[in-house]
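Atoms considered below: every heavy atom in the structure, side chains included; atoms not considered: hydrogens, waters and symmetry mates.
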Amino acid sequence: MNKTVRRRRLRVHSLVAAVAVTCMAGCSQGEQNAKPPRVSPKETLAFNAADPATWVLPIQGYLPSDGEKRQVSQAKKVLIGDCMKSFGFNWTPAPDLPKVGPKTLVDWRYGIHDMALAKERGYKPSAAEQDAYDQAVNLGAVDGTSGTGPDAQTLSGGIKEVGGKPVPEGGCIGEADRRISVAAVQATDAQKLSNEAFTKSKQDPQVTKAFAAWSACMKASGYTYAQPLDASDDPRFGSREVTSLERATATADIACRNKTNVAKIWFDAEAALQDKEIEVQAEQLDKDRKDLNAAVKKAAAVVAGTR
């Protein structure tokens with residue numbers, strides 16, 4: 001997805017829709033057979049065979065963790081604030097939006113998997129999470145610039161100078177990005193590999209077989225979908241309202257996922273594809289990870305005030 005998998009699965013603001021699975025029997029053995037990532041991912045949860053949020057894909061070791069992203073984000077705010085102050089502007093960064101939906105890369109990658117939540121919210125995140133997000137947006141989760149004034153222009157680089165002082169290329173944002181090598185945090189190669197493996201995994205023979213089993217199970221319950229993610233993407237579930245049809249579909253979806261073990265089969269297929277491609281791209285990925293580590297180190301120094 002070059003709108004990343006997560007973006008494609010996640011619809012926040014008015015709603016967040018996703019899909020479902022819970023891995024039941026047989027997960028532990030499959031997890032043990034999977035190759036470990038070449039680089040140990042950070043901030044992973046204790047493994048639970050029944051909870052996809054705790055499963056780890058090989059590529060995750062090359063992607064920035066949530067903690068690393070937060071560190072870089074905080075450093076960027078500090079640097080932008082310093083830059084804006086040097087031009088005489090008091091800049092207030094936009095507050096961080098509350099997290100909504102999946103808690104890890106794998107959590108909702110193959111679908112939702114919380115039956116209790118599905119009974120209440122269908123394919124949408126918890127009401128508390130959505131409300132917190134909506135409230136933050138309604139309160140104005142934007143930075144403290146005037147939008148089109150000289151402060152905003154200095155922030156973005158839309159103005160060449162302020163009071164005779166040259167504005168950095170790309171404005172204070174561009175300068176901050178360069179100072180902490182933000183491009184390295186995007187982990188472009190790893191993200192591309194992740195997206196491509198996800199797409200290719202849907203063509204794996206074992207996965208297509210599992211999809212067919214899931215589809216047949218859903219058909220027996222009165223629902224017609226070819227693939228598991230088709231259910232959550234149903235346009236009928238695209239509004240803020242959680243209908244009885246959505247709840248019924250989501251709970252039947254999870255029941256069929258549990259019966260067919262489709263999530264774990266899909267995960268194993270994608271993990272295998274990632275392992276193969278990581279071997280091919282090992283040199284570049286290792287370099288990218290070193291660059292990412294260096295960027296996080298720079299960010300840590302900025303936050304600590306030792307830059």
Side-chain angles (χ1 to χ4, degrees), residues 1-4 6-8 10-16 43 63-102 125 128-192 240 288 291-307:
M1 303 160 241
N2 224 323
K3 292 178 181 178
T4 67
R6 216 174 311 199
R7 286 177 187 154
R8 193 171 62 82
L10 195 61
R11 305 175 202 145
V12 288
H13 219 321
S14 57
L15 69 109
V16 178
E43 298 179 1
L63 294 170
S65 68
D66 285 344
E68 289 171 331
K69 291 176 184 177
R70 286 192 296 270
Q71 184 83 284
V72 170
S73 176
Q74 182 60 32
K76 184 172 178 177
K77 291 176 183 179
V78 171
L79 291 173
I80 291 175
D82 289 349
C83 175
M84 292 291 282
K85 188 176 180 179
S86 73
F87 286 99
F89 299 116
N90 290 320
W91 176 76
T92 303
D96 294 330
L97 288 173
K99 195 164 187 177
V100 61
E129 285 187 358
Q130 190 66 63
D131 287 346
Y133 182 91
D134 291 342
Q135 287 177 25
V137 171
N138 291 335
L139 287 172
V142 295
D143 63 57
T145 64
S146 61
T148 58
D151 55 349
Q153 295 294 307
T154 301
L155 184 67
S156 65
I159 193 171
K160 297 297 183 182
E161 63 177 46
V162 174
K165 180 179 178 179
V167 174
E169 181 181 354
C172 288
I173 291 175
E175 182 180 68
D177 286 348
R178 290 187 293 274
R179 287 277 300 279
I180 50 179
S181 306
V182 165
V185 184
Q186 296 171 353
T188 305
D189 293 314
Q191 188 61 63
K192 181 180 178 183
R240 293 183 67 89
D288 290 347
D291 291 343
L292 171 56
N293 290 344
V296 173
K297 186 175 180 180
K298 290 178 186 176
V302 169
V303 173
T306 59
R307 63 192 188 287

(request) Taking all heavy atoms of L63 and all of E68, pick out the closest pair and write down the distance. (result) O-OE1, 4.2 Å
(message) How close do V303 and A75 get, counting heavy atoms only, and between which atoms?
(response) CG2-N, 3.7 Å
(request) Not counting sequence neighbours, which residues clear side chain to side chain contact (heavy atoms under 4.5 Å, CB included) with S156? List them please. (result) none
(message) Check D96 with R70, please: is the shortest side-chain N to carboxylate O separation under 4.0 Å?
(response) no
(request) Taking side-chain hydrogen bond (donor to acceptor under 3.5 Å, both in side chains) as the test, write out the residues that go with K165, two or more places apart. (result) S86
(message) My understanding is that only residues two or more places apart in sequence, or in another chain, count here; which of them pass salt bridge (charged side-chain N to carboxylate O under 4.0 Å, His left out) with D131?
(response) none
(message) My understanding is that only residues two or more places apart in sequence, or in another chain, count here; which of them pass side chain to side chain contact (heavy atoms under 4.5 Å, CB included) with A300?
(response) Q71
(request) List the atom of F87, the atom of V167, and the distance in Å for their closest heavy-atom pair. (result) CZ-CA, 3.8 Å
(request) Nearest 0.5 Å please: distance from the CH2 atom of W91 over to the OG1 atom of T154. (result) 13.0 Å
(request) Answer yes when R179 and D82 have at least one side-chain N-carboxylate O distance shorter than 4.0 Å, and no when they do not. (result) no
(request) Locate the shortest heavy-atom distance separating P168 from E175; write the atom from each residue and the value. (result) CG-OE2, 3.7 Å
(message) For a quick test of reading the model, state the closest non-hydrogen atom pair linking D134 to R240 and the distance between them.
(response) OD2-NH2, 2.5 Å
(request) Mind checking side chain to side chain contact (heavy atoms under 4.5 Å, CB included) for A295 and listing every partner two or more places apart, or none if nothing turns up? (result) S181, A184, V185
(message) Keeping E129 on the side-chain end and G101 on the backbone end, is there a donor-acceptor pair under 3.5 Å?
(response) yes
(request) Count the heavy atoms belonging to other residues, nucleotides or ligands that lie under 6.0 Å from CD of E169, then report whether that count exceeds 12. (result) no
(message) To the nearest 0.5 Å, what is the distance between OG1 on T92 and NZ on K77?
(response) 11.0 Å
(request) Calculate, to the nearest 0.5 Å, the distance between atoms CG and SG belonging to D151 and C172 respectively. (result) 10.5 Å
(request) Indicate the atoms forming the closest heavy-atom contact of P98 with A132, along with that distance. (result) CG-O, 3.6 Å
(message) Under the rule for side chain to side chain contact (heavy atoms under 4.5 Å, CB included), what residues qualify as partners of A176, not counting sequence neighbours?
(response) K76, L79, I80
(message) Just verifying a value: how many Å separate F89 CZ and Q153 CD, rounded to the nearest 0.5 Å?
(response) 10.0 Å
